[in-house]
Amino acid sequence: LPRHRCSACFSLGLVVAMELCRQLKMTLNRDASGEAATPSTLLTGLEHAWTLNEESGTRVDSVGSADLTDNNTVGFAAGMDGNAASFVAANSESLSHPTTLVPSDDSSFTIVAWYKPTADNQAVVAEWFDTGVNYVFIIGQQLVTAGLEFYMYDAVAGFTAPAAVAASLDNWHMFVASYDTSTNTMSISTDNGAPATAVLTNGMALGKTPTFHVGSQEDARYLTGLVDALLVYSRVLTAAEIALLYNSGTGNFYPFTGLP
(Lines give C-alpha, C1' and ligand atoms only; values in the text may rest on other atoms or scores of the structure.)
Protein backbone atom coordinates (compact mmCIF):
# COMPACT_ATOMS: atom_id res chain seq x y z
CA LEU A 1 0.00 0.00 0.00
CA PRO A 2 1.26 3.53 -0.68
CA ARG A 3 2.21 5.63 2.28
CA HIS A 4 -0.26 8.33 3.25
CA ARG A 5 1.39 11.74 3.57
CA CYS A 6 -0.24 15.08 4.14
CA SER A 7 0.79 18.28 5.88
CA ALA A 8 -2.25 18.16 8.18
CA CYS A 9 -1.29 14.74 9.54
CA PHE A 10 2.30 15.82 10.06
CA SER A 11 1.18 18.94 11.94
CA LEU A 12 -1.16 16.90 14.13
CA GLY A 13 1.64 14.49 15.00
CA LEU A 14 3.92 17.38 15.92
CA VAL A 15 1.27 18.89 18.20
CA VAL A 16 0.78 15.54 19.94
CA ALA A 17 4.51 15.13 20.46
CA MET A 18 4.84 18.63 21.90
CA GLU A 19 1.98 17.99 24.31
CA LEU A 20 3.56 14.75 25.48
CA CYS A 21 6.84 16.60 26.13
CA ARG A 22 4.97 19.29 28.07
CA GLN A 23 3.24 16.71 30.25
CA LEU A 24 6.53 14.89 30.89
CA LYS A 25 8.18 18.13 31.96
CA MET A 26 5.29 18.89 34.33
CA THR A 27 5.59 15.39 35.80
CA LEU A 28 9.32 15.80 36.41
CA ASN A 29 8.67 19.09 38.18
CA ARG A 30 6.14 17.64 40.60
CA ASP A 31 6.81 15.99 43.91
CA ALA A 32 5.54 12.59 45.04
CA SER A 33 2.14 14.02 45.99
CA GLY A 34 1.60 15.34 42.47
CA GLU A 35 1.96 18.96 43.54
CA ALA A 36 4.25 21.33 41.66
CA ALA A 37 7.74 21.06 43.18
CA THR A 38 8.95 24.06 45.16
CA PRO A 39 12.58 25.08 44.56
CA SER A 40 14.84 24.16 47.46
CA THR A 41 15.59 26.92 49.97
CA LEU A 42 19.24 25.99 49.41
CA LEU A 43 18.99 27.91 46.12
CA THR A 44 17.90 31.12 47.90
CA GLY A 45 20.75 33.60 48.09
CA LEU A 46 23.14 31.18 46.37
CA GLU A 47 25.51 33.44 44.42
CA HIS A 48 28.19 30.98 43.33
CA ALA A 49 28.45 27.19 43.06
CA TRP A 50 31.56 25.42 41.87
CA THR A 51 31.09 21.65 41.56
CA LEU A 52 34.85 21.32 40.89
CA ASN A 53 34.20 18.27 38.71
CA GLU A 54 36.65 19.42 36.03
CA GLU A 55 39.87 17.42 35.67
CA SER A 56 41.96 20.50 34.86
CA GLY A 57 41.78 24.10 33.69
CA THR A 58 39.01 26.58 34.47
CA ARG A 59 36.51 25.54 37.15
CA VAL A 60 33.04 26.65 36.08
CA ASP A 61 30.66 28.61 38.30
CA SER A 62 27.30 26.87 37.84
CA VAL A 63 25.26 29.77 39.26
CA GLY A 64 27.13 33.03 38.77
CA SER A 65 29.72 34.20 36.26
CA ALA A 66 32.83 33.71 38.39
CA ASP A 67 34.69 30.86 36.73
CA LEU A 68 37.91 30.11 38.62
CA THR A 69 41.30 30.39 36.94
CA ASP A 70 43.61 27.39 37.33
CA ASN A 71 47.03 28.50 38.62
CA ASN A 72 49.87 25.97 38.17
CA THR A 73 47.65 23.08 37.11
CA VAL A 74 45.35 22.12 39.96
CA GLY A 75 44.59 18.43 39.60
CA PHE A 76 41.61 16.25 40.45
CA ALA A 77 40.76 13.22 42.55
CA ALA A 78 37.64 11.39 43.67
CA GLY A 79 35.48 13.78 45.67
CA MET A 80 32.27 13.75 47.63
CA ASP A 81 30.25 14.34 44.45
CA GLY A 82 32.17 13.28 41.36
CA ASN A 83 35.61 14.83 41.14
CA ALA A 84 37.21 17.24 43.59
CA ALA A 85 39.95 19.80 43.01
CA SER A 86 43.28 18.39 44.21
CA PHE A 87 45.95 20.84 45.43
CA VAL A 88 49.68 20.21 45.96
CA ALA A 89 51.45 22.86 48.04
CA ALA A 90 54.87 22.09 46.57
CA ASN A 91 53.57 23.12 43.12
CA SER A 92 52.03 26.42 44.34
CA GLU A 93 48.64 25.36 42.97
CA SER A 94 45.51 27.44 43.49
CA LEU A 95 42.25 28.62 41.92
CA SER A 96 41.32 32.30 41.76
CA HIS A 97 38.94 34.93 40.49
CA PRO A 98 40.18 38.50 40.01
CA THR A 99 37.12 40.48 41.08
CA THR A 100 34.99 40.84 44.17
CA LEU A 101 32.33 38.17 44.56
CA VAL A 102 30.36 37.86 47.78
CA PRO A 103 30.92 39.14 50.43
CA SER A 104 30.70 42.80 49.52
CA ASP A 105 30.85 45.77 51.88
CA ASP A 106 29.29 44.81 55.22
CA SER A 107 27.08 42.08 53.78
CA SER A 108 26.12 38.78 55.35
CA PHE A 109 27.59 35.71 53.70
CA THR A 110 28.13 31.98 54.05
CA ILE A 111 30.81 29.87 52.41
CA VAL A 112 30.40 26.07 52.36
CA ALA A 113 32.74 23.40 51.04
CA TRP A 114 33.78 19.81 51.49
CA TYR A 115 37.43 19.60 52.44
CA LYS A 116 39.96 16.78 52.86
CA PRO A 117 43.42 17.76 54.19
CA THR A 118 46.13 15.31 53.16
CA ALA A 119 49.14 17.01 54.76
CA ASP A 120 49.61 18.66 58.14
CA ASN A 121 50.63 22.14 57.02
CA GLN A 122 49.23 25.56 57.81
CA ALA A 123 47.36 26.30 54.61
CA VAL A 124 44.46 28.43 53.43
CA VAL A 125 41.43 26.61 52.04
CA ALA A 126 39.70 29.74 50.68
CA GLU A 127 40.05 33.48 51.16
CA TRP A 128 39.20 36.97 49.97
CA PHE A 129 42.36 39.05 49.66
CA ASP A 130 42.87 42.80 49.21
CA THR A 131 46.37 43.99 48.38
CA GLY A 132 45.60 47.49 49.67
CA VAL A 133 45.12 46.45 53.30
CA ASN A 134 46.69 43.02 53.39
CA TYR A 135 44.17 40.34 54.33
CA VAL A 136 40.56 41.42 54.42
CA PHE A 137 39.04 38.02 55.01
CA ILE A 138 40.70 34.64 55.41
CA ILE A 139 38.31 31.73 55.26
CA GLY A 140 39.41 28.39 56.60
CA GLN A 141 43.02 28.74 57.65
CA GLN A 142 43.94 25.20 58.55
CA LEU A 143 46.52 23.46 60.70
CA VAL A 144 45.35 19.91 61.30
CA THR A 145 46.79 19.71 64.80
CA ALA A 146 44.93 22.93 65.70
CA GLY A 147 41.79 22.47 63.61
CA LEU A 148 40.05 24.60 61.01
CA GLU A 149 40.01 28.37 61.63
CA PHE A 150 38.14 31.37 60.24
CA TYR A 151 39.54 34.91 60.29
CA MET A 152 38.10 38.29 59.37
CA TYR A 153 39.75 41.69 59.45
CA ASP A 154 37.91 44.91 60.28
CA ALA A 155 40.81 47.37 59.76
CA VAL A 156 40.31 48.77 63.29
CA ALA A 157 40.69 45.90 65.75
CA GLY A 158 42.71 43.69 63.40
CA PHE A 159 42.07 39.98 63.01
CA THR A 160 39.18 38.30 64.81
CA ALA A 161 38.63 34.55 64.85
CA PRO A 162 36.33 32.11 66.64
CA ALA A 163 37.87 29.05 68.24
CA ALA A 164 39.17 26.39 65.85
CA VAL A 165 36.90 23.48 64.90
CA ALA A 166 37.89 19.88 64.26
CA ALA A 167 39.32 18.76 60.90
CA SER A 168 41.25 15.48 60.88
CA LEU A 169 43.85 14.42 58.34
CA ASP A 170 42.81 12.27 55.34
CA ASN A 171 39.09 12.57 56.10
CA TRP A 172 36.35 14.53 54.37
CA HIS A 173 34.78 17.38 56.33
CA MET A 174 32.06 19.85 55.41
CA PHE A 175 32.86 23.31 56.75
CA VAL A 176 30.48 26.26 56.98
CA ALA A 177 31.80 29.76 57.68
CA SER A 178 29.43 32.72 57.90
CA TYR A 179 29.13 36.34 58.91
CA ASP A 180 25.87 37.95 60.07
CA THR A 181 25.83 41.74 59.68
CA SER A 182 22.83 42.17 61.97
CA THR A 183 24.93 41.06 64.96
CA ASN A 184 28.49 41.26 63.54
CA THR A 185 28.78 37.57 64.41
CA MET A 186 31.28 35.23 62.76
CA SER A 187 30.60 31.50 62.87
CA ILE A 188 32.38 28.35 61.75
CA SER A 189 31.47 24.69 62.06
CA THR A 190 32.46 21.34 60.60
CA ASP A 191 30.35 18.28 59.93
CA ASN A 192 27.12 19.84 61.22
CA GLY A 193 28.65 20.26 64.66
CA ALA A 194 28.12 23.08 67.13
CA PRO A 195 29.50 26.31 65.67
CA ALA A 196 32.29 28.37 67.19
CA THR A 197 31.43 32.08 67.14
CA ALA A 198 33.04 35.47 67.66
CA VAL A 199 31.94 39.09 67.31
CA LEU A 200 33.70 41.30 64.78
CA THR A 201 33.78 44.37 67.00
CA ASN A 202 33.79 47.07 64.34
CA GLY A 203 32.05 45.16 61.58
CA MET A 204 33.43 44.18 58.21
CA ALA A 205 36.12 46.36 56.60
CA LEU A 206 34.44 48.65 54.06
CA GLY A 207 35.46 49.97 50.67
CA LYS A 208 37.55 46.92 49.71
CA THR A 209 37.75 45.09 46.39
CA PRO A 210 39.18 41.70 47.34
CA THR A 211 40.02 38.91 44.95
CA PHE A 212 38.98 35.32 45.69
CA HIS A 213 41.46 32.46 46.15
CA VAL A 214 40.98 28.74 46.76
CA GLY A 215 43.91 26.67 47.99
CA SER A 216 46.24 29.50 48.96
CA GLN A 217 46.70 32.77 50.81
CA GLU A 218 47.23 34.61 47.53
CA ASP A 219 50.85 33.55 46.94
CA ALA A 220 51.64 31.74 50.18
CA ARG A 221 50.37 29.03 52.53
CA TYR A 222 49.40 26.68 49.74
CA LEU A 223 47.08 23.76 50.47
CA THR A 224 47.82 20.07 50.09
CA GLY A 225 44.44 18.39 49.99
CA LEU A 226 41.08 18.26 48.24
CA VAL A 227 38.20 20.72 47.99
CA ASP A 228 34.77 19.85 46.58
CA ALA A 229 31.29 21.37 46.16
CA LEU A 230 32.18 24.97 46.98
CA LEU A 231 29.23 27.34 47.57
CA VAL A 232 28.98 31.05 48.40
CA TYR A 233 25.74 32.58 49.71
CA SER A 234 24.78 36.20 50.27
CA ARG A 235 23.03 35.27 53.50
CA VAL A 236 23.48 33.18 56.63
CA LEU A 237 22.21 29.61 56.36
CA THR A 238 19.89 28.18 59.01
CA ALA A 239 20.85 25.21 61.18
CA ALA A 240 18.28 23.09 59.30
CA GLU A 241 19.82 24.03 55.94
CA ILE A 242 23.32 23.17 57.16
CA ALA A 243 22.05 19.78 58.38
CA LEU A 244 20.43 19.22 54.99
CA LEU A 245 23.67 20.00 53.16
CA TYR A 246 25.62 17.68 55.46
CA ASN A 247 23.05 14.86 55.20
CA SER A 248 24.64 12.70 57.91
CA GLY A 249 28.01 12.85 56.16
CA THR A 250 26.97 11.85 52.64
CA GLY A 251 26.12 15.38 51.51
CA ASN A 252 23.47 16.96 49.31
CA PHE A 253 24.81 18.78 46.30
CA TYR A 254 23.90 21.48 43.81
CA PRO A 255 21.36 21.74 42.10
CA PHE A 256 19.57 20.26 45.16
CA THR A 257 16.87 18.57 43.08
CA GLY A 258 13.98 17.31 45.18
CA LEU A 259 15.20 18.90 48.42
CA PRO A 260 12.98 21.16 50.55
Side-chain angles (χ1 to χ4, degrees), residues 38-54 58-70 74 79-82 84-85 94-115 124-130 135-140 150-153 174-190 195 200 203-216 218 227-247 251-257 259-260:
T38 301
S40 173
T41 63
L42 292 173
L43 296 173
T44 303
L46 179 61
E47 304 293 338
H48 306 283
W50 298 276
T51 64
L52 303 178
N53 276 324
E54 296 86 354
T58 300
R59 270 53 171 190
V60 174
D61 182 353
S62 299
V63 173
S65 56
D67 295 350
L68 299 176
T69 298
D70 181 351
V74 175
M80 287 295 299
D81 184 35
S94 68
L95 300 170
S96 63
H97 191 272
T99 57
T100 302
L101 308 178
V102 172
S104 59
D105 280 355
D106 206 29
S107 63
S108 296
F109 68 87
T110 301
I111 179 169
V112 183
W114 286 87
Y115 164 60
V124 170
V125 181
E127 69 155 2
W128 282 269
F129 178 88
D130 189 296
Y135 310 113
V136 178
F137 327 109
I138 299 180
I139 312 296
F150 170 34
Y151 291 87
M152 289 182 65
Y153 187 75
M174 188 188 83
F175 77 82
V176 180
S178 66
Y179 173 63
D180 186 345
T181 57
S182 66
T183 59
N184 288 344
T185 300
M186 303 167 58
S187 174
I188 184 169
S189 66
T190 52
L200 194 65
M204 185 186 296
L206 303 179
K208 310 307 174 188
T209 55
T211 56
F212 184 60
H213 300 265
V214 182
S216 75
E218 194 187 36
V227 178
D228 199 6
L230 177 60
L231 309 172
V232 177
Y233 287 86
S234 57
R235 66 180 180 90
V236 176
L237 298 183
T238 67
E241 289 170 331
I242 293 170
L244 188 61
L245 281 171
Y246 186 62
N247 194 32
N252 279 312
F253 302 99
Y254 179 84
F256 311 123
T257 304
L259 297 181

Is the side chain of T211 donor-acceptor paired with the backbone N or O of H97 at a distance under 3.5 Å, no angle test? no
Any donor-acceptor pair under 3.5 Å from S96 side chain to H213 backbone: no
Just wondering, do F256 and T41 contact through their side chains at under 4.5 Å, heavy atoms? no
For G64 and H48, the nearest pair of non-hydrogen atoms, with its separation, is CA-ND1, 4.2 Å
Decide side-chain contact (heavy atoms from CB on, under 4.5 Å) for W114 and D81; before the verdict, give the C-alpha distance in whole Å, the side-chain angles of both, and the deciding distance to 0.1 Å. CA-CA 10 Å; W114 286 87; D81 184 35; over 6 Å; no
Please check: side-chain N/O of Y233 versus main-chain N/O of L42, any donor-acceptor pairing under 3.5 Å? yes
F175 vs Y115 aromatic rings, parallel, tilted or perpendicular, using cut-offs 30° and 60°? perpendicular
Just checking, any donor-acceptor pair under 3.5 angstrom between side chains of Y179 and N184? yes
Could you tell me which non-hydrogen atom of L230 sits nearest to which non-hydrogen atom of L52, and how far apart they are? CB-CD1, 4.3 Å
With a 4.5 Å cut-off on side-chain heavy atoms, are V74 and R59 touching? yes
Grab the two heavy atoms, one from D228 and one from T51, that are nearest each other, plus how far apart they are. OD1-O, 2.9 Å
Closest non-hydrogen atoms of G79 and A84, given as atom of the first, atom of the second and distance, are CA-CB, 3.6 Å
Please check if the side chain of D61 supplies one atom and the backbone of A66 the other of a donor-acceptor pair under 3.5 Å. yes
Backbone N/O of L43 and side chain of S40: donor-acceptor pair under 3.5 Å: no
